[in-house]
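Single-structure report; data block below.
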Amino acid sequence: MTDLRCTIAGINSINPFWLASAPPTDKQTNVERAFAAGWGGVVWKTLGENPPVVNVSSRYGVHKDRKNGIIGINNIELISDRPLEVNLREIEQVRKNWPDRVIIGSMMAPIDERAWKELAIKIANSGVHGIELNLGCPHGMCERGMGSAIGQVPDLVEQTTRWVREVVDIPVFTKLTPNITNILVPAEAALRGGAHAVSLINTVNSVISVDLDAMAPTPIVDGKGTHGGYCGAAVKPIALNMVAEIARAQETRGLEISAIGGIETWRDAAEFIALGASALQVCTAAMLYGFRIVEDMNAGLLQFMKQKGYRSIEDFRGLAVPNTVDWNQLNMNFDTKAFIKKDDCIECGRCYIACEDTSHQAISITELGNGRREFTVKNDDCVGCNLCAHVCPVPDCIDMRPVDNGLPPLTWPEHPANTMGVKNS
Amino acid sequence: MVEKPVYPKNGRTLSAAEIDCNFEDLHRPLSAAQAMGAADSCIYCYNAPCVTACPTSIDIPTFIHQIKTGNVNGAAETILSENILGGTCARACPTEILCEQACVRNLNDEPPVQIGSLQRFAVDHLMDQQGAHPFQRAQSSGRTIAVLGAGPAGLACAHRASMLGHDVTIFEAKPKSGGLNEYGLAAYKMVDDFAQREVEFLMGIGGISVRHGQQLGGNLALSDLTDNFDAVFLGVGFTKANPLPLPGCDLQGVENAIDFIASLRQAEKKSSVAVGNNVVVIGGGNTAIDAAIQAKRLGGNSVTLVYRRGEANMSATAWEIELARTNGVVIRLWAAPVAIEGSARAEQMTFNTMSDAGGTYQPTGESFTLPADHVLLAIGQSMNKSGLENLTIDGGKIAVDATGMTSMPGVFAGGDCVKSGDDLTVQAVEDGKQAAIAIDQFLRNKKG
């Protein structure tokens, strides 16, 4: 029977959908509502040493698409602003109430061995399944030497991971910041420090918009704003790449990944699993639509797996990894051409103007009289870039058809035009 | 909401308040949220068919894109730069046979983008702010232009001519400017005195003065204009209702539909306009439809529109015909009027049933009678030719060349009084605009 059970860092979960450490997991009330809705686990909102932080008002800004839908949230909220003891007692209670659900304790502390170790022990004693190191928060906490201030220094990533490993006997997740140049460097550091898994990505450092009346970045706190952490659908491509890099690099291959970044639907989830993620974390989608969003994540992923004949997450996990390669390994002899299905075309001209102005002038217009017109791809000029197919408003009206040119696969290092002697790495 | 107008029932007459309600906006203006939703369905076509379908060539995809980006005043300027009466056209255009018919969404069996409503949203937004006029005049040319008729053609010509640097004087027979916008469009399409507000907005460009009570062939001669101005534009329209020489057409209760519509437009209280108990409207065009629907909304107990041929022959658009039906107007086809009967007042009307079976339009030999105490004649209008004797007239219209110039050099014409496109407000605006551009060229050439 097909089911959604999964295992990451030795922790079993009824499904791969966990809520990420964030406002939705700040309190027992929220977490129990999430479990009732069907979430497999939560990473409790990051805990720090006492006294708790103080948050500001307001806290969120959004990035909208042209149809006024929110594609990204930027937040300037800090870690849990409730006393550590309150959080730990609630964790214990929820663990009792929901024995089949996973709770991971997220934590951060300044660079001080004792601080990390004492906090890790306290959290572990509350009965959590694992501990996640928040090394990614890009606003506020980093100004106090925590969050991304640690995550951006590979030695500190290794150090903090090792400190926690040394004092707890539960799995340790090191959460990585995307605000670096090469994700493999901190991932390798986490591995050296003994991380059982990495969680990524944390939020992307951002200014989400400028209020042109107040002349200040949003969200505005009494006339001023600050950079914050960007999350939601818009960051998914960044997250997919970083997950894929870790999954396919020689040095980090096999390091388990709890994938985070713009997961809103079962399809997003399946994509991260295909790139090697063992489990997933979600926040923005729940903040936008409520915890019920998990229902279709579960149902849709199950449908997909049934249709494809996958009996478990493990059956398709990482299947896209071997197909994710360096540019130099692409086949230069592969050729594909756009094809416009005349019967489906509504003659809007979007493909034409995109190609004419910004690509290869490979689409022609034939006036048919009576106001009607026909759009045709000029095969000799089409480079197969896909732009027309992407801008076409009619689903499947333009498809890309591979050309059978009879040529064998040829990579750039093998290509006769490669006079600079580029070799396969 | 006028989607559900109130009609008299069981002999009960409508109250003044109910009638007021029946003459509210036919289409409620879009809210900002509705406008964003409507704008979302625009694909932003390249060389869009809707632009080609618009007689004034408004750049529709651009103005809808501007609504989406929040540049609503910019959207209005895009519209008004091609059609200074874009506010009226947004309300009165038969978009179902123009831009919205051409919308590519139709090809996908989807509803077209609500272009007319979006246009109104943008133009109203700009006009409601009552800011500075969005267009500027070019350096003064020192030339003067006389415009005859303050209807859509004349106003559009005057505005464009002023933009091009010429001084314009408009001569108008009626006491108010606007032409059919003020006197001819259905009241529920032009609520809140929109025609006058639009004229005031248009005049905001400056350089245009209007003299009312100036009747060509009456207190004004064409030579008065040609003698005193560098160029003349005639936008005299079709002001004469075609007569229907029937026995009984002089009975009380028989009137021209355009007069009925004009009196409704001018009435302070719509309930002060008389309507019969059994109204019969003769004609198959949009004027007939407008008269019939308004008679119904005014409280006419039974309103029947009678047309001599089939529905396909009616010049009213399918949408207008449907609107009449949903307003409770009975449409009788293939019936030619024979006589209006009554003592002092019209009481009934007799018709011959017609047929075109075998390719010949002829009576079937059957006839019928309808009770009719109020008969509205809407069988077309024609041009009042008086004062135009020195111009070449062709097929009842002023003959013009490709630039809009009449047989008399320096005298141009446009709108319903010339053969251009359809007899629509939007076509008149285009004629006026193009004539102003042609006049500008004419005056520049004359200079040399």
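Numbered from 1 within each chain, the chains take letters A, B, ... in sequence-line order.
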Those residues that, when tested against B:His133, pass side-chain hydrogen bond (donor to acceptor under 3.5 Å, both in side chains) (two or more places apart): B:His159
Pick from B:Asn47, B:Thr52, B:Thr69, B:Asn106 with the largest number of heavy-atom pairs that fall under 4.5 Å of chain A: B:Asn47
Within 45° cone and under 6.0 Å: A:Arg33 NZ/CZ vs A:Phe291 ring: no
Set of side-chain hydrogen bond (donor to acceptor under 3.5 Å, both in side chains) partners for A:His360, sequence neighbours left out: none
B:Gln66 and B:Thr78 side chains, donor-acceptor separation under 3.5 Å: yes
Residues of residues 367-383 of chain A near chain B, each having a heavy atom less than 4.5 Å away: A:Arg372, A:Arg373
Verdict with supporting geometry, B:His65 and B:Cys42, side-chain contact (heavy atoms from CB on, under 4.5 Å): CA-CA 8 Å; B:His65 174 74; B:Cys42 177; over 6 Å; no
side-chain hydrogen bond (donor to acceptor under 3.5 Å, both in side chains) involving B:Glu311 - partner list, sequence neighbours excluded: B:Arg325
